[in-house]
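Written out below as structure tokens is the structure these notes cover.
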Amino acid sequence: MTTSNRLRIAIQKSGRLSKDSQQLLKSCGIKFNVNEQRLIAHADNMPIDLLRVRDDDIPGLVMDGVVDLGIIGENVLEEEQLERELIGKRAEVIKLRPLDFGACRLSLAVPTEFAYQDAASLEGLRIATSYPNLLRRFMQNKGISYQDCMLKGSVEVAPRAGLADGICDLVSTGATLEANGLYETEVIFRSMACLVQAPGELSPSKQALVDKIMSRVNGVVQARESKYILLHAPTATLEQIVALLPGAENPTVLPLNDDTNRVAIHAVSSEDLFWDTMEQLKALGASSILVMPIEKMMG
Ligand code: ATP
Ligand code: MG
């Protein structure tokens, strides 16, 4: 295998994580163009290569050190770890951080007419899934035996097709389940996309690059979760108004021209400011309330 000086990052080629993964890396200042036909995209401005692969391959590539970093759903990562533990293969990764996309849950679901009480209602029945290891761990912990029906896709049609009695599949809104006459009965795993690193030490230059990327990822994610808030407030209610701003530390208070009864407040809030709070601020005499997105942040 060639050992490259360039940092290799594996991301999903096409699917639910692709756009967000690419966007995150671009927001971190990594410049690259993706050619749909090609597996590798070289960054123009940093020694980084992006490997665009099936999401199922990403945990293994990271665990085996074929790539240095990967962006992957925790569901796929955990499933691969359990699979490898079973066959005694190396399954370590360094979890750098969860990301703010790819939220979903792995759930049990059964046909609408199924009288489900708890997981024990599935005793001895057949369950279709693409996540046999996560399902087995859940059922073993509950002491319930069941039969497997391993499907890589179309899991949600298995009960109607007579292949299984229930399913264990990924859900985000539940619309797909409903469209297939199923309902969700139990969440067995909650997942987000996450950034992972290969086990072992990186060369000093690669480590320095990972540190830089991590600091930028932290800034990007933090910025996306934050808002910049500006408003005018009566000095009389200043304290109450500041207390209402979600997660805003030490706001800047500035005098207003020709108005000694009011001040301007600038604050960075760690959360969005909802309509309800804006209405409460207004009731306390605040005016000219502006809520703005933040593009980048560095502590
Ligand atoms: P690939 O061709 O890369 O194997 P895939 O079909 O296995 O793609 P996608 O459907 O693109 O995978 O989902 C990728 C990941 O997106 C999932 O493993 C999960 O972490 C996340 N995800 C978020 N919401 C959902 C959802 N509603 N259904 C499925 N996956 C979801
Ligand atoms: Mg996949």
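Just follow the structure's listing: the first ligand is 1, and inside any ligand the first atom is 1.
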task: Counting heavy atoms only, name the option from I58, T176, L170, L77 that's nearest to atom 17 (C) of ligand 1.
output: L170
- prompt: Going by the order shown, which atoms of ligand 1 are within less than 4.0 Å of some heavy atom of V76?
  reply: 18 (O)
- prompt: Is any NZ, NE, NH1 or NH2 atom of the basic residue among E83 and K89 found under 4.0 Å from an Asp or Glu carboxylate oxygen of the other?
  reply: no
Under 3.5 Å donor-acceptor, S121 side chain and Q117 backbone: yes
D56: its N/O/S atom lying closest to the Mg ion (ligand 2) (atom name): OD1
message: List ligand 1 atoms under 4.0 Å from G73, heavy atoms only on the residue side.
response: 20 (O)
- prompt: What do you reckon, does D55 have a nitrogen or oxygen under 3.5 Å from a nitrogen or oxygen of ligand 1?
  reply: yes
- prompt: Counting heavy atoms only, which of C104, G153, S191 is nearest atom 22 (N) of ligand 1?
  reply: C104
- prompt: Below 4.0 angstrom, N of the basic side chain to O of the carboxylate: do K206 and D68 qualify?
  reply: yes
message: Does the protein come close to atom 6 (O) of ligand 1 - that is, does one of its heavy atoms sit below 4.0 Å from that atom?
response: no
- prompt: In terms of side-chain geometry, is the basic nitrogen of D64 or R90 positioned less than 4.0 Å from the acidic oxygen of its partner?
  reply: no
field: Residue, atom name and distance, where the atom is the protein heavy atom closest to atom 29 (C) of ligand 1
entry: R16 NE, 3.3 Å
field: Distance (rounded to the nearest 0.5 Å) between L245 CG and I265 CD1
entry: 6.5 Å
task: Among the N/O/S atoms of D55, select the one at the shortest distance from the Mg ion (ligand 2) and name it.
output: OD1
- prompt: Do NZ/NE/NH1/NH2 and the carboxylate oxygens of E74 and R190 come within less than 4.0 Å?
  reply: no
query: When rounded to the nearest 0.5 angstrom, what distance separates CD in E80 from CE in M63?
result: 5.5 Å
message: Testing the 3.5 Å rule here: is there a donor-acceptor pair between the side chains of T176 and E156?
response: no
query: Can you tell me if CD on E279 sees more than 12 non-hydrogen neighbours from other groups inside 6.0 Å?
result: yes
statement: ligand 1 atoms nearer than 4.0 angstrom to some heavy atom of A103 are 23 (C), 24 (N)
query: Which residue supplies the protein heavy atom nearest to atom 1 (P) of ligand 1, what is that atom called, and how far is it?
result: R54 NE, 3.1 Å
message: I'd like to check which ligand 1 atoms, numbered from 1 as shown, lie under 4.0 Å from a non-hydrogen atom of G15.
response: 11 (O)
- line: Within 4.0 Å of some non-hydrogen atom of N75, the atoms of ligand 1 are 17 (C), 18 (O), 19 (C), 20 (O)
N-O pairing of D49 and R6 below 4.0 Å: yes
message: Please list the nearest protein heavy atom to atom 27 (N) of ligand 1 with its residue and the distance rounded to 0.1 Å.
response: S172 OG, 2.6 Å
- prompt: What atoms of ligand 1 come closer than 4.0 angstrom to any heavy atom of L17?
  reply: 15 (C), 16 (O)
- request: For D56, counting its heavy atoms only, list the atoms of ligand 1 lying under 4.0 Å from any of them.
  value: 4 (O), 7 (O)
- request: Please check if atom CD in E123 has more than 12 non-hydrogen atoms from other residues, nucleotides or ligands closer than 6.0 Å.
  value: yes
task: Considering only non-hydrogen protein atoms, determine which one is nearest to atom 8 (O) of ligand 1 and report residue, atom name and distance to 0.1 Å.
output: Q12 NE2, 2.9 Å
